[in-house]
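Everything below concerns the one structure shown next.
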Amino acid sequence: MAREPDEVRDGVGLTNLDQPLFDGAEATKRDLVDYLDAVHERILVELRERPLSVIRIRPGQPAFMQKNVPKYTPEWVKTTKVWAEASKREVSYALCDDRRTLLWFANQRAVEYHPTLMRADRWDRVTHLVLDLDPPEGDTFAKAVQAAFLVRQALTDAGLAGAVKTSGAKGVHVFVPIDDAVSIEDAAAATRAIAARAERIDPDVATTAYIKEDRGGKVFVDSTRSGGATVVAAYSPRVRPGTPVSFPVGWDDLDRVTPRDFTVRTAPGLLGDADRWADQLPAPQALPEDLLEEGRAIPVARVVAMHEGKRRARAKRAAEEGAPGE
């Protein structure tokens with residue numbers, strides 16, 4: 001028999017609210033629910049009408065990403081079906097469009113919220129370019145900040161503007177709202193060009209090398225978030241020690257903060273009544289043709305890495321086969 005809920009909000013029964021969220025979370029399930037409820041008006045702006053993947057975590061189990069909604073999903077949760085080429089099947093994604101749906105996800109221990117860059121009603125366009133700045137191993141957020149300023153300079157030089165947020169992990173995300181004039185392919189090309197320009201400004205700090213061992217301790221300016229890719233939403237919690245959240249930061253404050261400053265416990269008080277992300281995002285922008293042309297000439301990083309990986313494997317096998325026997 002189903003247990004009685006600890007509490008009901010917006011018609012959603014909430015259970016096990018006083019359980020620890022996960023090992024090292026320094027937060028309970030109630031903290032997660034209270035946080036998402038406190039920021040629901042802000043985070044729903046980022047999630048609404050976008051196919052959603054979530055990262056859930058059950059007690060005593062590893063975190064897992066959920067794309068397809070489970071069979072027990074309430075009928076009032078909106079969904080959209082998408083053909084997944086990789087798995088050759090149709091995936092039914094949730095559309096988290098309202099507080100009730102968000103609370104239901106929170107009760108499912110959905111900690112992280114990863115919407116697509118496209119809306120369900122416009123599959124042929126993305127609404128943002130995203131540069132994901134991934135620093136090397138260790139406590140290197142300051143390096144990611146340095147790379148973010150390089151991306152900002154590259155954008156400024158191109159006549160563009162972006163907003164910045166912590167990823168909630170160790171990196172930084174720069175979002176560039178764009179108009180719907182360009183195709184997904186051209187949006188991806190523009191993202192590659194911005195990354196390449198940031199790398200050229202200071203190649204001692206930033207790299208576009210997709211293969212990790214080729215990065216030489218530099219910050220990877222990841223330009224591969226395009227098309228159907230997802231990016232963790234502004235205000236989303238993360239499955240990390242202390243349960244930090246992806247938090248909007250003004251450019252002038254970026255080098256004065258750390259990801260640990262923003263958690264499910266502290267973020268609502270820091271926000272007050274403001275929607276920092278909405279306030280910081282510029283209006284959608286047109287992409288300059290020279291940026292598109294440059295990007296079209298840059299190969300897709302994953303494809304280059306795949307071919308390079310195969311080349312290195314062949315070279316290794318050849319070297320092993322040619323080695324003298326003992």
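- Under the 4.5 Å side-chain heavy-atom criterion for ILVMFWY residues, a single connected hydrophobic cluster contains both V111 and L14.
- Counting non-hydrogen atoms of other residues, nucleotides and ligands closer than 6.0 Å to CG of D23 gives a total of 12 or fewer.
- A salt bridge is defined here as a Lys NZ or Arg NE, NH1 or NH2 lying under 4.0 Å from an Asp or Glu carboxylate O, and R296 with D186 meets this definition.
- Using a distance-only test at 3.5 Å, with no hydrogens or angles considered, a donor-acceptor pair links the side chain of R109 to the main chain of L21.
- Remark: Q61 CD is packed, more than 12 non-hydrogen atoms of other residues, nucleotides or ligands lying under 6.0 Å away.
- A salt bridge (charged side-chain N to carboxylate O under 4.0 Å, His left out) with D180 holds for exactly one of R122, R125, R119; it is R122.
- Using a 4.0 Å cut-off between charged nitrogen and carboxylate oxygen, K165 and E46 do not count as a salt-bridge pair.
- Outside the 6.0 Å centre-distance limit, the rings of W277 and F247 are not counted as a close aromatic pair.
- With L36 as the partner, the side-chain contact (heavy atoms from CB on, under 4.5 Å) test is satisfied by one option alone out of V33, D34, L32: L32.
- In this structure, R215 does not pair ionically with E213, as no charged nitrogen and carboxylate oxygen lie closer than 4.0 Å.
- Of the N and O atoms on the side chains of Y72 and Q108, at least one donor lies less than 3.5 Å from an acceptor on the other residue.
- Annotation: E41, atom CD; neighbour count of heavy atoms from other residues, nucleotides and ligands within 6.0 Å does not exceed 12.
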